[in-house]
S.K.: 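Sharing a structure below in structure tokens format, with a few things to ask.
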Amino acid sequence: MSSLIFGLDIFTTSLVLLVTFLAILFFWHRHHWKLPPGPAWFPLVGNIWELTSHPDLRITLQRLQKKYGDIYTLYLGPVPTIVVCGYDAIREIFIKRGIEFSDRPAANLPIIMFNGGKGIGSVSGDIWKNQRKFILVTLRRFGFGRYNLEDKIQTEVKLFVSEIENLNQTPFKMMTPIQTGVGNVISHLVFGAHFSHNDPRFKIMMDGFDSFVHYLSAGYLVSFMPILRFVPGDLFGIKNIAKQIQVIKDFVNELIEEHVNKFDERNIADFIDAFISEMNKQNDGENNIFTKEYLVAIIMDIFLAGTVTTSTTITWASFYLATRPDIQSRIFEEIKANVGMERLPSMKDKQSLVYTEAFIMEVLRMTSMVVFSISHAPVTDVWIRGFHIPKGMQIFPDISSVLSDPAIWGDPANFRPERFVSEEGTLLKPAEFIPFLKGRRNCIGASLARMELFLFISALVQRFEIMPPEGETLEINDGGTHAPQPFYILAISRHAK
Ligand code: HEM
């Protein structure tokens, strides 16, 4: 191999040049911009050791917050990233100054693989405004976020209950039936279709979303440390995930094609029809979102955001029900007294099922599943608390720092639904309870998610006693992960007793 500098081969020379370039970039960033403090940073790898030093990311983040304060800088590979912790700072930046921080940073590898960087969760500026407005208006037209979607959710709840009934007390993983149930609610809104619990195409799609989330951190790692792309084989599962994503896209494209073929302007039955109708109006201009590429990206985003989050929360709920029989029987007694056993709980019952709702809130608080939320970016160069941050820089709200702050909750590590019930027995709604975040870019599906959580979880407890399989104990993974490790539970029908 030819020698270039001081007898070094071409690979070593390139590496030295790259490291030097990144080191200069780092010092330039720190000094040109006035970035918040943060842990020592190494060229190429950034703070990767720091971030992987504990299996529970929340513990690492708590340590960093204690050391560097509520706003600090982390390097994800060579990419500087601002982390914002604590309710006050999150409120100040993402809620009060939400407009200034409403962009998303440039899409990274996993997102580009997933939706080409074109879905609602990753776009910025006018494209984002146009998408968000169209999505909200159109989904509302089909019942989204309103009580008249309840019938559709109840249809899925009934199928979910009978699916569990049919298992005949065999141990099962909650994620399987719940993903189909919750996925079908979104499917009804977007595709105007329901898929059977055994439909292989739907199952492949749901499994694909699951695997995508599973490989997301590996994808981020490769994205922030591009050198890892040259590791031979598929050590990080990236090629595998690309294949899974293609399978989902083929399915989505197939459904779009079916809609195009039977399109009738006088009968707009679902989100895809409404989108095709806009495409037919031949919009153009640089902010036109009505293209097939955007349609696929939006569908991918809505499905991912709308199914994995809600079904993981319900899976966590089944974990707490199985491990805390005392809490489970209190929920059951409340449902029995206020709803009875003859019909499923409905949204009308929500007001009287205070403890049930408090349980759901405690699951959302305790698991703080979307730890880092989705990263935002400043729309222009901004100053925050004496720090100067450039336009487009990645900035994360650390939601878990709020949901587990002892100054707010007292005993955040204890699972205690009572914290959301007042002495008078009414439901407390503390401002610091922000699992969906708030502000300009907040979760568009929060009200749908809360309806689904209420209807699925209350039906589950009304119909079944949830417990660990015989002879097994389910233990909370100390400092556990946010997606629970796969576990089996047993559902004993209360009618059969
Ligand atoms: C337990 C369930 C859920 C949780 C905990 C959750 C949480 C979140 C959080 C924390 C964000 C980031 C907000 C921000 O960046 O400021 C978000 C964004 C989003 N969520 Fe949810 N979500 C849930 C369910 C849903 C559902 C059912 C949908 C259905 C459509 C949905 C659609 C979205 C979308 C599209 C965004 C991106 C909004 C934007 O970028 O403008 N989510 N969600």
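In listed order, ligands and their atoms are each counted from 1. Remember, predicted model here, so these are calculated numbers, not experimental data.
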S.K.: Has ligand 1 got any nitrogen or oxygen that is less than 3.5 angstrom from a nitrogen or oxygen of Glu452?
M.R.: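 By distance alone, the answer is no.
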S.K.: Any donor and acceptor pair, going by atom type alone, linking the side chain of Arg104 with main-chain N or O of Gly117 inside 3.5 Å?
M.R.: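 No, the answer is negative, given that no donor and acceptor are paired below the 3.5 Å cut-off.
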S.K.: Over 60° means perpendicular and under 30° means parallel, so classify the ring planes of Tyr72 and Tyr68, tilted if in between.
M.R.: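 It falls in the tilted class, 30° to 60°.
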S.K.: Within less than 4.0 angstrom of ligand 1, does Phe94 place any heavy atom?
M.R.: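 The answer is no, since Phe94 has no heavy atom less than 4.0 Å from ligand 1.
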S.K.: Which of the numbered atoms in ligand 1 are below 4.0 angstrom from a heavy atom of Arg132?
M.R.: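 Near Arg132, the atoms of ligand 1 are 38 (C), 39 (C), 41 (O).
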S.K.: Look at the aromatic rings of Phe415 and Phe359 and report parallel, tilted or perpendicular, splitting at 30° and 60°.
M.R.: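 Perpendicular.
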S.K.: Please could you name the atoms of ligand 1 that Ala449 approaches to less than 4.0 Å, counting only its heavy atoms?
M.R.: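 The atoms of ligand 1 under 4.0 Å from a heavy atom of Ala449 are 2 (C), 24 (C).
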S.K.: Describe, in one word, how the ring planes of Phe433 and Trp409 are oriented to each other, choosing from parallel (under 30°), tilted (30 to 60°) and perpendicular (over 60°).
M.R.: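 Phe433 vs Trp409 ring planes: perpendicular.
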S.K.: Is it the case that ligand 1 has an N or O less than 3.5 angstrom from some N or O of Lys438?
M.R.: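 In fact, backbone or side chain, Lys438 has no N or O that close.
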S.K.: Tell me whether ligand 1 is touched by Pro435 - counting only heavy atoms on the residue side and a distance under 4.0 Å.
M.R.: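 Right, Pro435 reaches ligand 1.
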S.K.: Closer than 4.0 angstrom: is that true for some heavy atom of Ile444 and an atom of ligand 1?
M.R.: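 Yes, Ile444 has a heavy atom closer than 4.0 Å to ligand 1.
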S.K.: To the nearest 0.5 angstrom, please state how far the CD atom of Glu156 sits from the CD atom of Glu452.
M.R.: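 Taking CD in Glu156 and CD in Glu452, the distance rounds to 9.5 Å.
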S.K.: Compare Ala305, Ser122, Gly121, Cys443 and give the one whose heavy atom is closest to atom 18 (C) of ligand 1.
M.R.: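 Selected option, by shortest heavy-atom distance: Cys443.
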S.K.: Relative to each other, are the rings of Phe456 and Phe160 parallel, tilted or perpendicular (30° and 60° limits)?
M.R.: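 Phe456 vs Phe160 ring planes: perpendicular.
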S.K.: Check ligand 1 against Gly306 and write out every atom of the ligand that is under 4.0 Å from a heavy-atom position of the residue.
M.R.: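 Taking each heavy atom of Gly306 in turn, ligand 1 has 26 (C), 27 (C), 28 (C), 29 (C) under 4.0 Å.
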S.K.: Using a strict 4.0 Å cut-off to heavy atoms of His376, name the atoms of ligand 1 that fall inside it.
M.R.: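 Near His376, meaning under 4.0 Å from one of its heavy atoms, ligand 1 has 14 (C), 15 (O), 16 (O).
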S.K.: Quick one: does Ile399 get within less than 4.0 Å of ligand 1, heavy atoms only?
M.R.: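 Ile399 counts as a contact of ligand 1 under the 4.0 Å cut-off.
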S.K.: Run down the list Thr309, Val308, Leu437 and name the one with the heavy atom closest to atom 24 (C) of ligand 1.
M.R.: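 The residue whose heavy atom sits nearest atom 24 (C) of ligand 1 is Thr309.
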S.K.: Does Arg365 come within less than 4.0 Å of Glu432, counting only side-chain N to carboxylate O?
M.R.: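 Glu432 and Arg365: not salt-bridged.
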S.K.: Report yes or no: does a heavy atom of Arg104 sit under 4.0 Å from some atom of ligand 1?
M.R.: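 In this structure, Arg104 qualifies as a contact of ligand 1 - some heavy atom is under 4.0 Å.
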S.K.: How are the rings of Phe275 and Phe271 set to each other: parallel, tilted or perpendicular (split at 30° and 60°)?
M.R.: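 It falls in the tilted class, 30° to 60°.
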S.K.: Going by distance only, is there an N or O of Thr313 that falls short of 3.5 Å from an N or O of ligand 1?
M.R.: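 Min N/O separation from ligand 1 is not below 3.5 Å for Thr313.
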S.K.: Looking at Glu418 and Arg330, does any basic side-chain N land under 4.0 Å from a carboxylate oxygen?
M.R.: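 Salt bridge present between Glu418 and Arg330.
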